[in-house]
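Just so you know, ligand 1 is whichever comes first in the structure, and atom 1 is the first atom listed for that ligand. All values reported here derive from a predicted model rather than from experimental measurement. Start at 1 with the first residue, then count along the sequence.
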Amino acid sequence: MTVNSLNQARPTESLSGHVDVLIVGAGISGIGLGHYLATTLPGKTFALVDSRDAIGGTWDLFRYPGIRSDSDLHTFGYEFKPWTSDNAIADAHEILDYLHEVIDEDDLARRIYLHHKVIRADFTSDTAQWTVTLERDGERFEVTCDFLFGATGYYDYAGGYQPHFEGEDDFQGVIVHPQSWPEGLDYTGKKVVVIGSGATAVTLIPAMADDVEHITMLQRSPSYVMPLPRKDPIANGLRKILPPKAAYAATRRFNIGKGRFIYNLCQRNPKLARRIIRAINVKALPQGYAVDTHFNPVYNPWDQRLCAVPDADLFRSIAQGKASVVTDRIVRFTDNGILLESGATLEADIIVTATGLKLLPFGGIAVSVDGEVKDPHDSLVYKSFMLSGIPNMAFAFGYTNSSWTLKVGLVCEHLCRLLAYMDQHGYTTVVPVVDNPMMEKRPMLDFPAGYILRAVEQFPQQGTSGPWTVEMDYWSDHERLRKGSVEDPALRFGTAVPDAERSGVTSGLASA
Ligand SMILES: Cc1cc2nc3c(=O)[nH]c(=O)nc-3n(C[C@H](O)[C@H](O)[C@H](O)COP(=O)(O)OP(=O)(O)OC[C@H]3O[C@@H](n4cnc5c(N)ncnc54)[C@H](O)[C@@H]3O)c2cc1C
């Protein structure tokens, strides 16, 4: 590790009193907003709170073998801080090092409060403030803030999605979910079955393959799996001839374009994209391998997230006979493995249930406005970062079809401009309002993956036009969030009138 920023001047006492902006979540999104606030609005007071005992969110939580990004860090990294490692696809510890550097460079450690879980947030229009209830070591306490920012990610930190399998209790070996990987789990010389075919399964299989007796990926249906170079020759070449910032900017721009081109190709010409992916898979796998059984999904490319395998490591493990893929359905767990519908049995000492995440919007925080409880599903998403009917709150929710953080960076920038605009005009509240009650609604997460469909009712919705659509395209958001004005007919600004000045005003809020 280059620097452990949290050794520096991090508060040990609980957060108390009032801050202008409270950021919930000290993952890559929350730390990102910390940078933008510190550098563009130095007069604002702010704090980051996180329920965990470490920064980094996703990149600290997951501890399974091989844990890494599947995005390239030139687009997953922050626009303001060049990614200078040779590896474009990075291991979790490299991403954590990078985040610690940002905390160090922006002197954020003194603003980070760990073990601080936000339980609820109640907005009062009279004071234009949130009262936020937090929990630390079982004790509850309150702080206030003017603006609340949810950088809570999108899934439940308490545990992953764990479907019940018949006969689980009969199994004599170890069952592990990747979200709660036991420290020091010894898999040397063991037979391992990984249930699932998503990003996690394709990461851990090659990472474990050299040590186990054999590892099997057991999937109900295939996913698209694409090899990617771990080291990007263009990025590393540019770094040799250009200063780091220029090389990073050029690589980032190129990779955004490349990602968009591939996504569009997949959406517009799925048959061609399917053929290309198949040809790449055939080339990477042993001759005569049953590609159409194990790597030919029923859905079209990019209708669900594509799984990346750096330097084709999964395919290499298969070619070396260390790993195999079985496409079948589970009947039940037995004492020594898994019985399949085909009648075959897979022997196992360890079963890894890479069955995915349990989604959870806004970190499970209960929200009310003037005493009225707000269900996120009743709100429409405004410009991908605020919710209709909920004042002074914004959130980070990135792309599902490219690097999450590309969107979050634009959101942070736009939010800082919005806060500056409010200060300039003396506004203390801002709330998005849907003027057309007949507007058609769609799920915010319009992505037919199982883990998303399971949770769609918990998430807000999106509309069909204006600022009410959730774009999954960097350049559309670039227009909207970077170039677009923060003034918008859908936003209502207001100024809370302090008690002392109020005479004959029934509501504490004067609207603009
Ligand atoms: C294994 C894995 C690999 C991934 N790889 C990629 C990738 O390569 N590219 C990509 O674009 N995306 C990837 N993702 C998605 C990834 O989660 C995001 O890209 C990104 O890391 C999310 O960052 P975040 O800061 O928004 O949220 P998170 O990293 O989830 O951090 C949220 C933080 O909020 C805290 N928090 C939540 N609720 C509360 C609360 N109520 N009170 C206090 N604190 C709270 C959590 O403790 C956590 O620290 C991956 C996800 C997983 C699970």
Side-chain angles (χ1 to χ4, degrees), residues 15 22-34 47-78 88-92 94-96 98-99 102 112-121 132-136 143 148-158 160-161 177-179 181 196 198-204 228 255 259 305-308 310 354 356-367 385 395-409 411-412 451 472 474:
L15 178 65
L22 185 67
I23 302 172
V24 189
I28 196 164
S29 301
I31 294 168
L33 181 62
L48 292 101
V49 289
D50 200 296
S51 51
R52 304 188 66 249
D53 62 357
I55 62 110
T58 299
W59 305 105
D60 182 75
L61 175 75
F62 283 85
R63 301 289 174 98
Y64 58 76
I67 168 73
R68 55 155 174 85
S69 71
D70 51 11
S71 298
D72 67 280
L73 261 290
H74 303 100
T75 55
F76 191 72
Y78 299 116
I89 306 289
D91 290 342
E94 283 189 279
I95 300 175
L96 287 175
Y98 177 80
L99 295 180
V102 174
I112 298 180
Y113 293 78
L114 300 177
H115 284 299
H116 279 51
K117 180 175 180 150
V118 175
I119 307 295
R120 55 177 305 118
V132 180
T133 306
L134 295 113
E135 193 174 82
R136 183 189 191 188
V143 300
L148 189 65
F149 188 76
T152 52
Y154 60 99
Y155 60 84
D156 192 348
Y157 271 71
Y161 174 63
H177 192 283
Q179 191 168 327
W181 195 265
T200 303
V202 304
T203 301
L204 42 78
L228 275 184
N255 286 2
R305 234 184 137 93
L306 253 142
C307 296
L357 304 163
K358 226 185 320 174
L359 297 206
L360 181 71
F362 312 116
I365 302 168
V367 169
F385 84 116
F395 61 92
F397 201 102
Y399 295 123
T400 51
N401 62 353
S402 62
S403 285
W404 173 270
T405 32
L406 280 175
K407 182 178 211 119
V408 175
V411 160
C412 292
Y451 69 103
M472 282 293 156
Y474 177 79

(request) Say whether G32 and ligand 1 are in contact under the criterion: heavy-atom distance to a ligand atom below 4.0 Å. (result) no

(message) Can you give me the closest heavy-atom contact between S51 and K117, atom names plus distance?
(response) CB-CB, 3.5 Å

(message) Could you tell me if the side chain of I28 sits less than 4.5 Å from the side chain of Y78, heavy atoms only?
(response) yes

(request) Starting from atom 35 (C) of ligand 1, locate the nearest protein heavy atom and write down its residue, its atom name and how far away it is, to 0.1 Å. (result) D50 OD2, 3.3 Å

(request) Select one of side chain, backbone, both or neither to describe which atoms of Y157 lie under 4.0 Å from any atom of ligand 1, heavy atoms only. (result) side chain

(request) May I ask you to check if ligand 1 and I28 share an N or O to N or O distance below 3.5 Å? (result) yes

(request) Tell me which part of E135 gets within contact of ligand 1: side chain, backbone, both or neither, using heavy atoms under 4.0 Å. (result) neither

(request) Provide, to 0.1 Å, the distance between atom 38 (N) of ligand 1 and the closest protein heavy atom, together with that atom's residue and name. (result) G363 CA, 3.4 Å

(message) Test of understanding: given a 4.0 Å heavy-atom threshold, classify the contact between V408 and ligand 1 as side chain, backbone, both, or neither.
(response) neither

(message) Between Y161 and Y451 (judged by ring centroids, cut-off 6.0 Å), do the two rings come close enough to count as a pair?
(response) no

(message) Residue-level breakdown please: for A396 versus ligand 1, do any non-hydrogen atoms fall below 4.0 Å on the side chain, on the backbone, on both, or on neither?
(response) neither

(message) With nothing but distance in play, are any N or O atoms of F362 less than 3.5 Å from an N or O of ligand 1?
(response) no

(request) Can you see which heavy atom on G56 is nearest to which on L99, and at what distance? (result) CA-CD1, 3.8 Å

(message) Tell me whether S403 contacts the main-chain N or O of T405 through its side chain, where contact means a donor paired with an acceptor under 3.5 Å.
(response) no

(request) Could you check atom 24 (P) of ligand 1 against the protein and tell me its nearest heavy-atom contact, residue, atom and distance included? (result) S29 OG, 3.3 Å

(message) Please list the nearest protein heavy atom to atom 12 (N) of ligand 1 with its residue and the distance rounded to 0.1 Å.
(response) F76 CE1, 3.8 Å

(request) Please report the shortest heavy-atom distance between I23 and A151, naming the atom on each side. (result) CG2-CB, 4.2 Å

(request) Considering non-hydrogen atoms only, spot the tightest contact between I89 and R68 and give its length. (result) CG2-CD, 3.8 Å

(message) Does the plane of the ring in Y155 sit parallel, tilted or perpendicular to the ring in Y157? Use 30° and 60° as the thresholds.
(response) parallel

(request) Measure up the F397 and W404 rings against each other and bin them: parallel (under 30°), tilted (30 to 60°), perpendicular (over 60°). (result) tilted

(message) Tell me if the centroids of the rings in F76 and W59 come within less than 6.0 Å of each other.
(response) yes

(message) Please report whether ligand 1 has a polar contact with S51, defined as an N or O pair separated by less than 3.5 Å (distance criterion only).
(response) yes

(request) May I ask you to test the L22-V49 pair for a side-chain heavy-atom distance under 4.5 Å? (result) yes

(message) Just to confirm my output: which protein heavy-atom neighbour is closest to atom 9 (N) of ligand 1, and how far is it?
(response) S71 OG, 2.6 Å

(message) Out of Y64, Y154, W404, who is nearest to atom 51 (C) of ligand 1 when you count heavy atoms only?
(response) Y154

(request) I would like to know whether L148 and V132 meet side chain to side chain contact (heavy atoms under 4.5 Å, CB included); could you show each step before the answer? (result) CA-CA 9 Å; L148 189 65; V132 180; 4.1 Å; yes

(message) Within ligand 1, which atoms have a heavy atom of V24 less than 4.0 Å away?
(response) 40 (C), 42 (N), 43 (C), 44 (N)

(request) Quick one: look up the protein heavy atom nearest atom 27 (O) of ligand 1 and list residue, atom name and how far away it is. (result) G153 CA, 3.3 Å

(message) Within the 4.5 Å heavy-atom criterion, are L61 and Q179 side-chain neighbours or not?
(response) yes

(request) Measure I365 to ligand 1 on non-hydrogen atoms and call it side chain, backbone, both or neither using the 4.0 Å cut-off. (result) side chain

(message) Checking the side chain of D50 only, and the main-chain atoms of A26 only, is there a donor and an acceptor separated by less than 3.5 Å?
(response) yes

(message) Between N401 and R305, is there a side-chain heavy-atom distance shorter than 4.5 Å?
(response) no

(message) Looking at ligand 1, would K407 count as a contact under a 4.0 Å heavy-atom criterion?
(response) no

(message) Would S403 count as a polar contact of ligand 1, with the cut-off being nitrogen or oxygen pairs under 3.5 Å?
(response) no

(request) May I ask you to check whether L357 has an N/O atom sitting below 3.5 Å from an N/O atom of ligand 1? (result) no

(request) Give a yes/no verdict on whether any heavy atom in Q179 is under 4.0 Å from an atom of ligand 1. (result) no

(request) Only heavy atoms count here, so choose which of L33, V132, T58 is nearest to atom 17 (O) of ligand 1. (result) T58

(message) I'd like to check which ligand 1 atoms, numbered from 1 as shown, lie under 4.0 Å from a non-hydrogen atom of F62.
(response) 53 (C)

(request) Check ligand 1 against G57 and write out every atom of the ligand that is under 4.0 Å from a heavy-atom position of the residue. (result) 29 (O), 31 (O), 48 (C), 49 (O)

(message) Do F62 and W181 have side chains that approach each other closer than 4.5 Å (heavy atoms only, starting at C-beta)?
(response) no

(message) Which residue and atom name correspond to the protein heavy atom nearest atom 39 (C) of ligand 1, and how close is it?
(response) T152 CG2, 3.9 Å

(request) For atom 7 (C) of ligand 1, find the nearest protein heavy atom and state the residue, atom name and distance (0.1 Å precision). (result) D70 OD1, 3.2 Å

(request) For atom 32 (C) of ligand 1, state which one of G27, A151, G25 supplies the nearest heavy atom. (result) A151

(request) May I ask you to check if ligand 1 and R68 share an N or O to N or O distance below 3.5 Å? (result) no

(message) Any nitrogen or oxygen of W59, side chain or backbone, less than 3.5 Å from one on ligand 1?
(response) yes

(request) Could you grab the distance from atom OG of S402 to atom CG of D72, nearest 0.5 Å is fine? (result) 9.5 Å

